[in-house]
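To keep things clear, I will list the structure first and then write my remarks on it.
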There are 2 protein chains.
Amino acid sequence: MLQEFGELNTKVYHVVSGLLRSYTLDKKGKEHIFMFGPEGWVVGDNVPPEIPCQLYIDAIEDSELYVLPKDLKRENKNAEAFIKRLGVLQKRVIMLMSASAIERYEHFEETYPDIMNRVTQKMIASYLGITPEA
Amino acid sequence: MLQEFGELNTKVYHVVSGLLRSYTLDKKGKEHIFMFGPEGWVVGDNVPPEIPCQLYIDAIEDSELYVLPKDLKRENKNAEAFIKRLGVLQKRVIMLMSASAIERYEHFEETYPDIMNRVTQKMIASYLGITPEA
DNA sequence: CAAAAAACTTAATGTAGATTAAGAATTTGA
DNA sequence: TCAAATTCTTAATCTACATTAAGTTTTTTG
């Protein structure tokens, strides 16, 4: 477990190997996966350091990470990573608003081609915003 | 109309006054509002300049804008704006995955307190990911 | 200002996905 | 290595929201 809901001044995790996951719990205690973090991805809570974080982050495989401060000024060379991140989130919102569960599944396969067999179907459902049964 | 779907090298719009809207059309031609841009907000397509953009952007009120190049290097002082943007998007994804239409409506009221009476209910429905009837 | 277009309202019906349940298969961990 | 926990599967039932339709109000525009 790398980060709990509500912590302040949380870190940003650059994944060298392994697999991270960030998620929320809703008021019924149900888990909703926000993002997977396989090799090369960056995982963090997208809120300013002084605001309590909204996500849990844990590793679902043994992982090697670079742990970075959230403070942006220092990583302006990472601007590319931020644009990419915004692009992924934008697409995710569009899919959640306008696509069926099946279409979102197909888009998931494209976004994370390498992790299909590294996560449970329950986790995929959680990422898609549906139940494992569906 | 400021930006059409599929354009390259699109701009970023800093809203001084008025109200912008970015949206997609799904395969049925249905409109899905991605973001509103009232005074002080920044609206743009979050994809790299060389990738065809995914959003339409238009003004729904007479507006005054600063038109900025998408190129990030130049605006590293705007890093704050990017963090804020990521935070808004993160929350939006979480809400779309785990909250009911009514809860999303309430969250919309908090996110955009000043525009409730400046947009049609049809647009609010489009933003929430539901039909106007619902 | 008047006609046309767009938005709103209400209501009946339809459906994607949720919920619940319970047994089978797989994974985990002492 | 085996018991416990978790995940998967199937199926019946339920529900939030979609779809359709048609009349009404409001806004836009020539």
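Because the structure is a prediction, the values reported are computed rather than measured.
Here the C1' atom of nucleotide D:dT27 and the CZ atom of B:R118 are 18 Å apart, to the nearest Å. Summarising the geometry, the separation between CD1 on A:I102 and P on C:dT15 is reported as 15 Å, rounded to the nearest angstrom. Between the C1' atom of D:dT25 and the CD atom of B:Q121 lies a distance of 13 Å, rounded to the nearest Å. B:E31 places its CD atom 12 Å from the P atom of C:dA6, with the value rounded to the nearest Å. Between the CG atom of A:N117 and the C1' atom of D:dT7 there is a distance of 16 Å, rounded to whole Å. Rounded to a whole Å, the CD atom of A:E61 is 11 Å from the P atom of C:dT28.
The phosphate of C:dT26 has neither OP1 nor OP2 within less than 4.0 Å of any side-chain N or O from A:K122. Side-chain nitrogen and oxygen atoms of A:K28 include at least one within less than 4.0 Å of the OP1 or OP2 phosphate oxygen of C:dT19.
Looking at A:E64 and A:S17, their side chains do bring a donor and an acceptor atom within 3.5 Å of each other. Side-chain contact annotation: A:S98 with B:K30, donor-acceptor N/O pair under 3.5 Å absent. Under the 3.5 Å distance criterion, with hydrogens and angles disregarded, no donor-acceptor pair is assigned to the side chains of A:N46 and B:R85.
Taking the charged nitrogens against the carboxylate oxygens, B:E110 and B:R104 have no contact shorter than 4.0 Å, which rules out a salt bridge. B:E31 has a carboxylate O that lies under 4.0 Å from a charged side-chain N of B:R21, or vice versa, which qualifies the two as a salt bridge.
Of the residues in residues 93-101 of chain A, not one places a heavy atom less than 4.0 Å from an atom of DNA chain D. Interface residues of residues 124-134 of chain A facing DNA chain D, ordered by number: A:E133; criterion, heavy-atom separation under 4.0 Å. Using a 4.0 Å cut-off on heavy atoms, none of the residues of residues 104-115 of chain A approach DNA chain C.
Residue pairs meeting the ring pair (Phe, Tyr, Trp, His ring centres under 6.0 Å) criterion with at least one member in residues 45-65 of chain A, sequence neighbours excluded: A:Y23-A:Y56.
Nearest heavy atom pair, residue B:I57 against residue B:D45, reads CD1-N, 4.4 Å. Closest approach of A:I33 and A:R92 over heavy atoms only: O-NH2, 3.1 Å. Looking at every heavy atom in both residues, B:E4 comes nearest to B:C53 through O-SG, 3.2 Å.
Among residues two or more places apart in sequence or in another chain, the side chain to side chain contact (heavy atoms under 4.5 Å, CB included) test is passed with A:T24 by A:H32, A:L55, B:I94. Qualifying ring pair (Phe, Tyr, Trp, His ring centres under 6.0 Å) partners for B:Y105, counting only residues two or more places apart in sequence or in other chains: none.
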